[in-house]
Trainee: 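Here you go, one structure.
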Amino acid sequence: MLVDPSSIDLSTRTLRFLSGQLTARRQEIGTRWRRLPLARQALLALAHLRCGETYAQLAAGFGIGIATVYRYIREAIEVLAALAPPLAEVMKTIRTKAFAILDGTLLPIDRIAADTPYYSGEHERHGMSVQVLTDPVGRLLWVSPALPGSTRDLTAARQHGIIDALAAAGVKCWADKAYQGAGRPVRVPFRGRRLKRWKRRHNTTHAKIRCVGEQAMATLKGWRLLRKLRCSTNRITNIVKAVLVLHHASV
C-alpha cells in the first residue's frame, strides 16, 4: 500500500505546498483534531491525484475509513482549485510570450453508451473535454473548465472566452484544424488534400510549432487520475484546476 512519499514522483516542495494550504484551511475553519496529520493528508491527496490510487487502496494504506479518505481528498481538491488562476490573469503572462499554443484533449470517464453528451465521436469514447494553453516551449499555462466530451474544440474555446481573450490581448495562437473559423488570433493549417506547394510547406512549419504543445498534454496526463476518471462529472473541473495548481507549485 502507498504510505511512503518516495512512491510518488513529485518533489517535496509539492508536498510542503499542499501541507501549507491545508494548514491555512484548518486554521480558517478552526479544526482541532483529525485522524491524519497535515502532511499525511497532503500525501493522501497526492497519491490519489498523481498515482490514481483508489479510495479503498488509500483507506487500507493509511489506516482510515473510505468515507474519511473521500472527505480528505475532496477538501484538498477544493482548497487547491480555489487557487487556480482565471483566464484573464493567465493572459497577462501570455502577452509576454511570442505566441501561445491552443489544443483540446479528452479526459476519459466511466460512462455508459447511453450518456450521449459525454461521448466524443472523434476519440470514440466517453469523456470530458478541456482546452489547454501552453507557451512556445510547451509549458502548461492554463487548463479550462471541463465540458461534456461531445463538445467540439472550437465551441469550447469560444464558450470559455479563449478566442476573445486572445484577440483582446493581440496574441498570436497556433492550433490544429479543429479550430478552423476561430478568427484572426488563431492560426490553423490549410485543409484539403491537393494543396499547393507553399501551403504544404506552411502546414509542415505549422505542425512543427504546434506539436510542442503535446508536452503540456503529456504533463497533464502524467497525473494518472486524469487517465480514467471515475468520479462525478461535476467534480472534474475542480480536479483539473487542482492538478494545474500543483503542477505550477512543483516547477
Trainee: OG of Ser19 to CD of Gln41: how many Å apart, nearest 0.5 Å?
Mentor: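 These two atoms lie 9.0 Å from each other.
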
Trainee: For Cys173 and Ile101, which heavy atoms make the closest approach, and how far apart are they?
Mentor: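 Scanning both residues completely, I find the closest heavy atoms to be SG-C, 4.2 Å.
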
Trainee: If two hydrophobic side chains count as joined below 4.5 Å and joins carry through other members, does Leu154 share a cluster with Leu106?
Mentor: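 As far as the 4.5 Å side-chain criterion goes, Leu106 and Leu154 are not connected within one cluster.
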
Trainee: Please evaluate residues Val245 and Phe17 with respect to the criterion side chain to side chain contact (heavy atoms under 4.5 Å, CB included), reporting the C-alpha separation (whole Å), side-chain torsions for both, the decisive distance (0.1 Å), and the verdict.
Mentor: CA-CA 10 Å; Val245 170; Phe17 171 79; 3.8 Å; yes

Trainee: Using a 6.0 Å cut-off, check whether atom CZ of Arg227 has over 12 heavy atoms from anything other than its own residue.
Mentor: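 Enclosed: over 12 neighbouring heavy atoms sit under 6.0 Å from CZ of Arg227.
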
Trainee: Compare every heavy atom of Ala76 with every heavy atom of Ala45, then report the nearest pair and how far apart it is.
Mentor: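 Scanning both residues, the minimum pair turns out to be CB-CB, 3.6 Å.
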
Trainee: So, do Lys97 and Arg139 sit near enough that their side-chain heavy atoms are less than 4.5 Å apart?
Mentor: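 Side chain of Lys97 against side chain of Arg139, heavy atoms only: contact under 4.5 Å found.
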
Trainee: Of all residues at least two apart in sequence or in a different chain, which pass the side chain to side chain contact (heavy atoms under 4.5 Å, CB included) check with Ser144?
Mentor: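 Once residues adjacent in sequence are excluded, the partners of Ser144 under the side chain to side chain contact (heavy atoms under 4.5 Å, CB included) criterion are Val130, Gln131, Trp142, His160.
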
Trainee: Taking side chain as C-beta onward, heavy atoms only, is Leu58 less than 4.5 Å from Ile64?
Mentor: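 Leu58 vs Ile64: side chains apart.
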
Trainee: Closest approach of Arg26 and Leu38, non-hydrogen atoms and distance?
Mentor: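 Residues Arg26 and Leu38, closest heavy atoms: NE-CD2, 3.2 Å.
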
Trainee: Would you say that more than 12 heavy atoms from the other residues, nucleotides or ligands in this model lie under 6.0 Å from the CZ of Arg34, or not?
Mentor: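 Yes, CZ of Arg34 has more than 12 neighbouring heavy atoms, counting only those of other groups under 6.0 Å.
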
Trainee: Do Tyr55 and Ile73 touch side chain to side chain, with heavy atoms closer than 4.5 Å?
Mentor: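 Yes. Closest side-chain heavy atoms under 4.5 Å.
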
Trainee: Let me check something: do Phe99 and Leu133 share a hydrophobic cluster, defined by ILVMFWY side-chain heavy atoms less than 4.5 Å apart, either directly or through other members?
Mentor: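 No: no chain of side-chain contacts under 4.5 Å links Phe99 to Leu133.
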
Trainee: If every non-hydrogen atom of Ala169 is compared with every non-hydrogen atom of Met91, which pair is closest and at what distance?
Mentor: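 Residues Ala169 and Met91, closest heavy atoms: CB-CE, 3.6 Å.
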
Trainee: Taking side chain as C-beta onward, heavy atoms only, is Asp153 less than 4.5 Å from Ser129?
Mentor: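 Yes. Closest side-chain heavy atoms under 4.5 Å.
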
Trainee: Find out if a path of hydrophobic residues (ILVMFWY) with successive side-chain heavy-atom gaps under 4.5 Å connects Tyr118 to Ile236.
Mentor: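 Yes, Tyr118 and Ile236 fall within the same hydrophobic cluster.
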
Trainee: Would you say the side-chain atoms of Glu214 pair up with the backbone N or O of Cys211, donor to acceptor, closer than 3.5 Å?
Mentor: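 No, Glu214 side chain to Cys211 backbone: no donor-acceptor pair under 3.5 Å.
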
Trainee: Determine the minimum heavy-atom distance between Gly161 and Leu87, stating which atoms define it.
Mentor: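 Shortest heavy-atom separation between Gly161 and Leu87 comes out as O-CD2, 3.8 Å.
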
Trainee: Could you tell me if the side chain of Arg201 sits less than 4.5 Å from the side chain of Arg197, heavy atoms only?
Mentor: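 Yes, close enough: below the 4.5 Å cut-off.
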
Trainee: Using the rule given for side chain to side chain contact (heavy atoms under 4.5 Å, CB included), can you reason through Leu83 versus Gln21, listing the C-alpha separation, both sets of side-chain angles and the distance that settles it, and then say yes or no?
Mentor: CA-CA 10 Å; Leu83 302 174; Gln21 298 303 319; 3.4 Å; yes

Trainee: From Leu244 CG over to Thr219 OG1, what is the distance, rounded to the nearest 0.5 angstrom?
Mentor: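 The distance works out to 11.0 Å.
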
Trainee: Give me the atom names and distance for the closest heavy-atom approach of Ala175 to Pro189.
Mentor: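 Nearest pair, atom of Ala175 first, then Pro189: O-CD, 3.4 Å.
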
Trainee: With rounding to the nearest 0.5 Å, note down the distance linking CG in Asp9 to OG in Ser250.
Mentor: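 Answer for the CG-OG pair, Asp9 versus Ser250, is 10.0 Å.
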
Trainee: Is any side-chain heavy atom of Leu107 closer than 4.5 Å to one of Val240?
Mentor: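 Heavy-atom side-chain distance check passes, below 4.5 Å.
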
Trainee: Does the pair Leu102 and Val132 meet the rule for a side chain to side chain contact (heavy atoms under 4.5 Å, CB included), with working shown?
Mentor: CA-CA 6 Å; Leu102 171 64; Val132 179; over 6 Å; no

Trainee: Is the terminal nitrogen or CZ of Arg50 (NZ for Lys, CZ for Arg) located under 6.0 angstrom from the six-membered ring centre of Trp223 and within 45° of that ring's axis?
Mentor: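 Yes, a cation-pi geometry.
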
Trainee: Any cation-pi pair here, Lys199 with Phe190, using under 6.0 Å and within 45°?
Mentor: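 Judged by the rule (NZ or CZ under 6.0 Å from the ring centre, within 45° of its axis), Lys199 counts as positioned above Phe190.
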
Trainee: Would His126 and Tyr119 count as a ring-ring contact (aromatic ring centres under 6.0 Å, His included) if you check the C-alpha gap in whole Å, the side-chain angles of each, and the deciding distance to 0.1 Å?
Mentor: CA-CA 4 Å; His126 291 78; Tyr119 185 78; 5.1 Å; yes

Trainee: Between Thr155 and Thr151 (side chain of the first, backbone of the second, donor and acceptor by atom type, cut-off under 3.5 Å), is there such a pair?
Mentor: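 No; judged by distance alone, with no hydrogens or angles, the pair does not exist.
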
Trainee: Answer yes when Arg71 and Glu75 have at least one side-chain N-carboxylate O distance shorter than 4.0 Å, and no when they do not.
Mentor: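 Looking at Glu75 together with Arg71, the answer is no, because their closest N to O distance does not fall below 4.0 Å.
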
Trainee: Test of understanding: clusters of I, L, V, M, F, W, Y form through side-chain heavy atoms closer than 4.5 Å, transitively. Do Val90 and Val212 belong to the same one?
Mentor: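 As far as the 4.5 Å side-chain criterion goes, Val212 and Val90 are not connected within one cluster.
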
Trainee: Rounded to the nearest 0.5 Å, how far apart are OG1 of Thr237 and CG of Leu147?
Mentor: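 Here the interatomic distance stands at 7.5 Å.
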
Trainee: Kindly compute the distance separating OG1 (Thr93) from CZ (Arg95), expressed to the nearest 0.5 Å.
Mentor: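 Reported value, rounded in 0.5 Å steps: 9.5 Å.
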
Trainee: Could you check Asp176 against Arg210 for side chain to side chain contact (heavy atoms under 4.5 Å, CB included), going step by step and ending with a plain yes or no?
Mentor: CA-CA 8 Å; Asp176 62 23; Arg210 190 181 59 80; 3.6 Å; yes

Trainee: Checking Arg16 against Thr12 for the side chain to side chain donor-acceptor pair (under 3.5 Å) test, could you report, in this order, the C-alpha distance in whole Å, the side-chain angles of both residues, the deciding distance, and whether it holds?
Mentor: CA-CA 6 Å; Arg16 289 196 299 268; Thr12 54; 3.2 Å; yes

Trainee: Starting at CZ of Arg187, measure out to CH2 of Trp174 and round the result to the nearest 0.5 Å.
Mentor: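 Between atom CZ of Arg187 and atom CH2 of Trp174 there are 4.5 Å.
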
Trainee: I'd like to check Met217 versus Leu140 (side-chain heavy atoms, cut-off strictly below 4.5 Å). Are they in contact?
Mentor: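 SC-SC contact between Met217 and Leu140 ruled out.
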
Trainee: Group every Ile, Leu, Val, Met, Phe, Trp and Tyr by side-chain heavy-atom contacts under 4.5 Å, then state whether Tyr179 and Ile162 land in the same group.
Mentor: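 The answer is yes; both residues are in one hydrophobic cluster.
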
Trainee: Are any non-hydrogen side-chain atoms of Asp110 and Leu229 less than 4.5 angstrom apart?
Mentor: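 No; the side chains remain at least 4.5 Å from each other.
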
Trainee: Counting only heavy atoms not in Arg224, do more than 12 fall under 6.0 Å of its CZ?
Mentor: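 Counting neighbours around CZ of Arg224, more than 12 heavy atoms of other residues, nucleotides or ligands fall under 6.0 Å, so yes.
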
Trainee: How about Lys221: does its NZ atom have over 12 heavy atoms from other parts shown lying under 6.0 Å from it?
Mentor: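 Yes - once you tally the heavy atoms of other residues, nucleotides and ligands closer than 6.0 Å, there are more than 12.
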
